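Chain identifiers are assigned alphabetically (A, B, ...) following the order of the sequence lines, protein sequences preceding nucleic acid strands; residue numbering begins at 1 within each chain. Predicted, not measured: the structure shown is a model, and the values here were computed from it. Computation of the quantities below employed the complete heavy-atom set of this structure, encompassing side-chain atoms and omitting hydrogens, waters and symmetry-equivalent molecules.
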Protein chains: 2
Amino acid sequence: MDEKYMKIALEEAQKSFQAGDVPVGAIVVCNDQIIARAHNCKEKNKNAVEHAEILAISQACQKMNTWHLENCTIYVTLEPCLMCAGALIQCRIGKLVYATESEKFGYVGSISNVLDNKNNNHHPIIVKNVCKESSQKLLKDFFKDKRN
Amino acid sequence: MDEKYMKIALEEAQKSFQAGDVPVGAIVVCNDQIIARAHNCKEKNKNAVEHAEILAISQACQKMNTWHLENCTIYVTLEPCLMCAGALIQCRIGKLVYATESEKFGYVGSISNVLDNKNNNHHPIIVKNVCKESSQKLLKDFFKDKRN
């Protein structure tokens with residue numbers, strides 16, 4: 001099931017790629033229904049907060065008419081940054097599934113894991129390495145294209 | 001100068017108070033001009049990401065037509081949470097000025113200081129305790145009202 005949803009998140013990531021943004025996609029699922037889908041639009045929209053996760057969480061809150069997403073799972077193609085890890089706490093996401101690590105910017109284990117801080121008022125379930133190779137390939141292709 | 005701008009951020013915070021949201025206000029200043037002003041709308045808009053800082057940064061990016069806010073200062077009435085601290089790195093804010101600590105949720109010194117992590121690709125100037133008592137009074141009044 002996690003793979004099925006991650007593949008849809010990867011389709012979203014592809015949209016970022018085409019627009020010249022680092023390819024990252026995110027979808028939010030509740031009761032086996034996709035309630036939000038978004039992709040990284042930071043460069044396209046010239047807006048620092050328009051990461052895939054922020055856009056997907058915002059959409060999901062609008063759809064559910066609440067900021068409480070305890071019963072939801074977010075699928076992201078890349079390990080969340082500091083801002084997005086914090087957003088997952090703000091909406092009390094039930095579960096985070098991500099595809100691959102972000103060595104330079106990831107704050108769910110790479111730089112550090114801010115989600116396991118005991119002072120946080122919420123601790124989501126975390127699953128990683130779902131469709132890892134597909135996401136890594138997309139990212140590699142993007143940065144290769146950019147260098148050329 | 002910092003006090004003058006923080007007083008305007010406090011006026012924004014007052015708007016959150018009136019709407020039933022924890023009173024937090026934020027403004028972004030560039031070249032002595034206010035380019036964005038926002039207040040916490042999380043409860044009012046039932047949206048987990050609508051903290052004052054996220055809304056102000058998003059507005060500032062739109063106004064400046066870039067996600068680079070190196071030449072800008074953000075004035076916030078409360079120490080940023082994890083999400084908002086991360087957003088300050090995303091937009092590479094030049095300077096953060098805040099009024100008072102957030103013991104339970106503050107990630108710029110209270111729980112920990114994520115902005116001083118050497119792995120981050122940006123490190124803003126940080127100034128605190130500007131109009132501290134005014135912000136503390138607003139927060140105390142809010143939680144007192146809420147309990148009654």
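Of the two parts of B:Val49, only the side chain, counted from C-beta on, holds a non-hydrogen atom closer than 4.5 Å to a non-hydrogen atom of chain A. Both the backbone and the side chain of B:Ser58 come within contact range of chain A, each with at least one heavy atom under 4.5 Å from a heavy atom of that chain. Proximity to chain A is limited to the side chain of B:His51, based on heavy atoms less than 4.5 angstrom apart. Contact annotation for A:Asn121: only side-chain heavy atoms (C-beta onward) come within less than 4.5 Å of a heavy atom of chain B. Heavy atoms closer than 4.5 Å to chain A are found in the side chain of B:Cys81, but not in its backbone.
Between chain B and the options A:Leu69, A:Val114, A:Ile57, heavy-atom pairs under 4.5 Å are most frequent for A:Val114. Most heavy-atom pairs under 4.5 Å with chain B, from the set A:Asn65, A:Asn119, A:Ile54: that is A:Asn65. Looking only at heavy-atom pairs under 4.5 Å with chain B, the residue among A:Gly86, A:Ala85, A:Cys91, A:Ser112 that has the most is A:Gly86. Across A:Gln62, A:Lys42, A:Arg92, A:Glu50, the residue that shares the most heavy-atom pairs under 4.5 angstrom with chain B is A:Lys42.
Checking side-chain atoms of B:Asn40 against main-chain N and O of B:Asp21 turns up no donor-acceptor pair under 3.5 Å.
More than 12 heavy atoms of other shown residues, nucleotides or ligands fall within 6.0 angstrom of atom CD in B:Gln18. In B:Asp145, the CG atom is crowded: over 12 heavy atoms of neighbouring residues, nucleotides or ligands sit closer than 6.0 Å.
Closest of all the heavy-atom pairs between A:His68 and A:Thr66 is N-OG1, 3.0 Å.
The aromatic rings of A:Phe17 and A:Phe142 sit perpendicular to each other, their planes meeting at more than 60°, with 30° as the lower class boundary.
A salt bridge links B:Glu101 with B:Lys128; the closest basic N to acidic carboxylate O contact falls under 4.0 Å.
Atoms OG1 and CD, on B:Thr77 and B:Glu12 in that order, are 10.0 Å from each other to the nearest 0.5 Å.
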